[in-house]
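Okay, handing you the structure first.
Just so you know, these numbers come straight off a predicted model, no measurement behind them. Chain letters run A, B, ... following the sequence lines, proteins first and then strands; every chain starts at 1.
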Amino acid sequence: MLQAAATLLRVAEGDAAPPPAGGRGGITLERPPRADFGDYSTNAALLLAPRLSASPREVAERLGAQLAGDLGASLQRFEVAGPGFLNLFLADGWLRTALGGVLAAGDAYGAGGREPGERVMVEFVSANPTGPMHVGHARNAAYGDALARMLEFAGERVEREYYVNDAGSQVRTFGESIRALARGERAPENGYQGDYIADLAARIADAATSDPADVGRAAVAMMVGEIQRSLTAFGVKEFDYWAYESALHEGQPSLVDRALARLAELGHTYMQDGALWLRSTTFGDDKDRVLVRSSGEFTYLASDVAYHEEKRERGFDRLVDVWGADHHGYVLRLKAVYAALGGDPDDLELLIMQLVHLVRSGERAQMSKRAGEFVTLDDLVSEIGVDAARWYLLARSHDTTVDLDLDLARSQSAENPVYYVQYAHARILSVLAKAGEDRASAAGEDPAGVADQELHPSERALIKQLLDFPVELASATARRAPHRIAAYALELAQGFTAFYRDCRVVGAESEAIESQRIALCVASRRTIARCLDLLGVSAPEHM
RNA sequence: GCCCCCGUAGCUCAACUGGAUAGAGCACCGGCCUUCUAAGCCGGGGGUUGCUGGUUCGAGUCCAGCCGGGGGCACCA
């Protein structure tokens with residue numbers, strides 16, 4: 001029916017030609033803000049009226065009459081409201097049939113049917129292996145993981161990747177800091193501090209006598225192990241590939257050598273003041289960038305050139321990098337690099353996570369890695385648990401800074417909305433258990449045939465919410481916005497709870513109604529579980 | 001100085017890329033467990049969407065300029 005309506009509206013739009021100027025403000029068919037505005041609403045008449053030189057309300061009337069003819073019994077009635085909105089009220093029968101469709105889709109409900117789907121790489125976390133992960137990385141991890149799950153469910157072929165910055169001077173400095181502690185000395189200036197440095201010093205054999213670079217390498221290997229363990233404990237799905245920066249520098253010629261040679265061939269580099277520069281301004285950067293310092297050392301950017309050249313060569317249709325806010329100044333630069341290498345900058349998505357601010361007793365606290373004072377991912381998990389932590393970090397847009405008050409988070413963790421959603425899930429299972437295995441598994445086999453009795457408003461509302469899921473999910477995925485899934489899941493849980501309050505399931509007025517309601521429970525449970533799974537939050541059977 | 005993000009209820013955040021009376025969760029006040037899970041339900045108070053203009057049928061959303069917060073502007077990683 002929606003297809004029919006949408007098609008009709010598009011046809012109407014075409015008839016009204018010319019196509020909308022400026023491409024702004026298209027015709028929509030959407031859920032109106034209030035139930036008494038109907039089940040669906042369209043602004044078509046408002047937009048078409050000027051071109052048809054008729055009043056919006058008049059156009060809406062004509063459109064409504066036409067739809068009524070096309071949709072027949074599915075449409076109960078229509079109303080023209082406000083300046084010219086056309087509000088559609090659907091018949092119960094249509095909603096029952098639609099619910100049958102939801103059930104028939106099973107666990108795949110809402111999944112994208114992309115065939116074969118884009119090859120998408122999502123690179124995320126990529127925290128430096130010179131220290132434990134803090135809450136900022138936790139946010140990045142939760143976000144990247146959820147985004148990857150969403151893309152997978154949409155039908156894309158997703159690969160998850162972690163880039164390990166194990167080259168450059170920082171590893172040496174890292175090693176020096178550890179060696180100093182192993183020798184009972186103070187860490188060097190600008191060195192690393194914190195209890196974990198002492199731990200590493202104790203765990204690495206010969207840390208006191210070995211070359212700092214070797215100590216650093218050994219420590220990086222240990223840290224990567226720790227990071228993997230922390231991420232797994234945080235519910236992050238396994239990465240498909242761990243890309244090591246150091247590998248880009250290995251071999252003769254190395255990948256870095258080859259990437260820079262390629263840029264040179266394309267004429268995008270030049271020498272100045274003894275350094276090799278990338279003419280990134282050609283591709284929209286603010287200024288040109290150094291690739292090889294006059295000392296002969298590569299810059300960090302040189303590694304990224306090689307890394308993204310390698311990504312390009314691996315044949316992905318789309319590259320997604322999830323970065324922390326402290327890297328946002330890097331966006332133009334890397335886009336320029338990608339364009340210089342011959343890639344389409346639109347295929348490279350650089351998503352910036354805003355910062356997580358720690359708050360203690362109402363004031364912002366500094367998280368200093370140097371001083372060894374930070375709340376780690378592990379701390380967060382042990383304080384409030386994986387589910388509450390992931391929900392807290394994912395329920396907000398990645399584009400907004402979040403304040404994290406650990407004391408508050410701890411004291412309020414019992415009030416976290418995530419438990420409300422989980423509770424609804426557990427409650428549904430409890431109802432289904434009461435209904436019995438047979439009834440539950442038979443649900444939806446012929447929901448259209450049952451009960452001509454009018455649907456309760458809570459039933460109608462819940463069915464409509466379930467029908468919204470594919471649209472909500474597609475929108476959330478397209479906008480890289482997992483927080484929309486969280487918002488939807490909470491609303492759906494509220495919708496189910498209202499239904500549960502108003503409508504007796506086991507022991508309903510008739511067996512037909514009971515069957516229909518069991519079906520509604522099954523569909524609700526699956527959809528809630530799907531949302532939670534996309535967010536990496538558990539869907540418990542009992543609470 | 002230049003670039004990017006943000007400013008919405010006491011607090012934390014939404015608002016389907018321009019739609020109808022700006023919504024949730026916490027917190028606060030009052031009520032509800034003989035009935036499928038009370039981690040729940042019902043009711044209530046709470047707003048000039050930072051400010052000023054502009055664009056139009058219509059602006060939290062788009063444009064300009066201010067104010068405030070954060071981040072970034074290396075031959076560091």
Q: Would you please name every residue forming a side-chain contact (heavy atoms from CB on, under 4.5 Å) with A/S280, sequence neighbours left out?
A: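 A/S280: side-chain contact (heavy atoms from CB on, under 4.5 Å) contacts with A/L278, A/D285, A/D288, A/R289, A/A336.
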
Q: Produce a footprint string for nucleotides 31-37 of chain B: one letter per nucleotide, 5' end first; B if the base is under 4.0 Å from any protein heavy atom, S if only the sugar-phosphate is, - if neither.
A: ----SBB

**Q.** Secondary structure of RNA chain B in dot-bracket form (Watson-Crick or G-U wobble, distances below 3.5 Å, | marking inter-strand pairs)
**A.** (((((((..((((.....[...)))).(((((.......))))).....(((((..]....))))))))))))....

Q | side-chain contact (heavy atoms from CB on, under 4.5 Å) partners of A/A486, counting only residues at least two apart | A |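 Partners of A/A486 under the side-chain contact (heavy atoms from CB on, under 4.5 Å) test: A/W391, A/A395, A/L535.
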
Q.
The criterion is salt bridge (charged side-chain N to carboxylate O under 4.0 Å, His left out); which residues satisfy it with A/D468, sequence neighbours excluded?
A.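 For A/D468 the salt bridge (charged side-chain N to carboxylate O under 4.0 Å, His left out) partners, ignoring immediate neighbours, are A/R31.
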
Q: Not counting sequence neighbours, which residues clear ring pair (Phe, Tyr, Trp, His ring centres under 6.0 Å) with A/H268? List them please.
A: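 For A/H268 the ring pair (Phe, Tyr, Trp, His ring centres under 6.0 Å) partners, ignoring immediate neighbours, are A/F283.
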
Q: Could you tell me whether A/A167 contacts a base, only the sugar-phosphate backbone, or nothing, with contacts defined as non-hydrogen atoms closer than 4.0 Å?
A: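 Contact class for A/A167: sugar-phosphate only.
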
Q. Touch check for A/V292, heavy atoms < 4.0 angstrom, all strands: base, sugar-phosphate only, or nothing?
A.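 Nothing, no nucleic acid heavy atom in range.
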
Q.
Enumerate the side chain to side chain donor-acceptor pair (under 3.5 Å) contacts for residues 487-503 of chain A, please, sequence neighbours excluded, ordered by first and then second residue.
A.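 Residue pairs with at least one partner in residues 487-503 of chain A: A/Y420-A/T497, A/S458-A/D502.
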
(Q) Can you check the distance between B/C6 and B/C13, where both ends of the measurement are the C1' atom (answer in whole Å)? (A)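 About 13 Å, rounded to a whole number of Å.
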
Dump the pairs, protein N or O against N or O of nucleotides 5-7 of chain B, anything under 3.5 Å, distances to one decimal.
| unit_1 | atom_1 | unit_2 | atom_2 | d |
| --- | --- | --- | --- | --- |
| B/C5 | O3' | A/D399 | OD2 | 3.4 |
| B/C5 | O2' | A/D399 | O | 3.0 |
| B/C6 | OP1 | A/D399 | OD2 | 3.4 |

Q | Candidate nucleotides B/A14, B/C75, B/A74, ranked by approach to the side chain of A/H483 - the nearest | A |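 Given the options B/A14, B/C75, B/A74, the side chain of A/H483 is closest to B/A14.
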
Q) So what does A/T173 hit on the nucleic acid, given a heavy-atom distance under 4.0 Å: a base, only sugar-phosphate, or nothing? A)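 No contact.
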
Q) Ring of A/Y420 versus six-membered ring of B/A39: centres under 5.5 Å and planes under 30°? A)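 So A/Y420 does not count as stacking on the base.
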
For nucleotides 23-25 of chain B, list the nitrogen or oxygen atoms of the protein found under 3.5 Å from its nitrogen or oxygen atoms, one pair per line.
| unit_1 | atom_1 | unit_2 | atom_2 | d |
| --- | --- | --- | --- | --- |
| B/A24 | O3' | A/Q494 | NE2 | 3.2 |
| B/G25 | OP1 | A/Q494 | NE2 | 3.2 |

Q | Residue A/N87, side-chain atoms from C-beta onward, closest of B/A77, B/A20, B/G71 | A |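 When the side chain of A/N87 is considered, B/A20 is the closest of B/A77, B/A20, B/G71.
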
Q) Which residues pass the salt bridge (charged side-chain N to carboxylate O under 4.0 Å, His left out) test with A/E79, sequence neighbours left out? A)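 With neighbours one apart ignored, the set is A/R77.
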
Q: Would you list the pairs meeting salt bridge (charged side-chain N to carboxylate O under 4.0 Å, His left out) in which at least one residue belongs to residues 471-485 of chain A, sequence neighbours left out?
A: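 Every salt bridge (charged side-chain N to carboxylate O under 4.0 Å, His left out) pair that includes a residue of residues 471-485 of chain A, provided the two are not neighbours, is A/E349-A/R480.
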
**Q.** Nucleotide nearest A/S475 when distance is taken to its side chain, options B/G71, B/A74, B/C16
**A.**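 Ranking B/G71, B/A74, B/C16 by closest atom to the A/S475 side chain puts B/C16 first.
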
Q) What residues form a side-chain contact (heavy atoms from CB on, under 4.5 Å) with A/R172, not counting sequence neighbours? A)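 Counting only residues at least two positions away or on another chain, A/R172 forms a side-chain contact (heavy atoms from CB on, under 4.5 Å) with A/E176, A/D211, A/P212, A/A213.
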
Q.
Quick check: A/F85 with A/F37 (ring centres under 6.0 Å apart)?
A.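 No, the ring centres sit 6.0 Å or more apart.
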
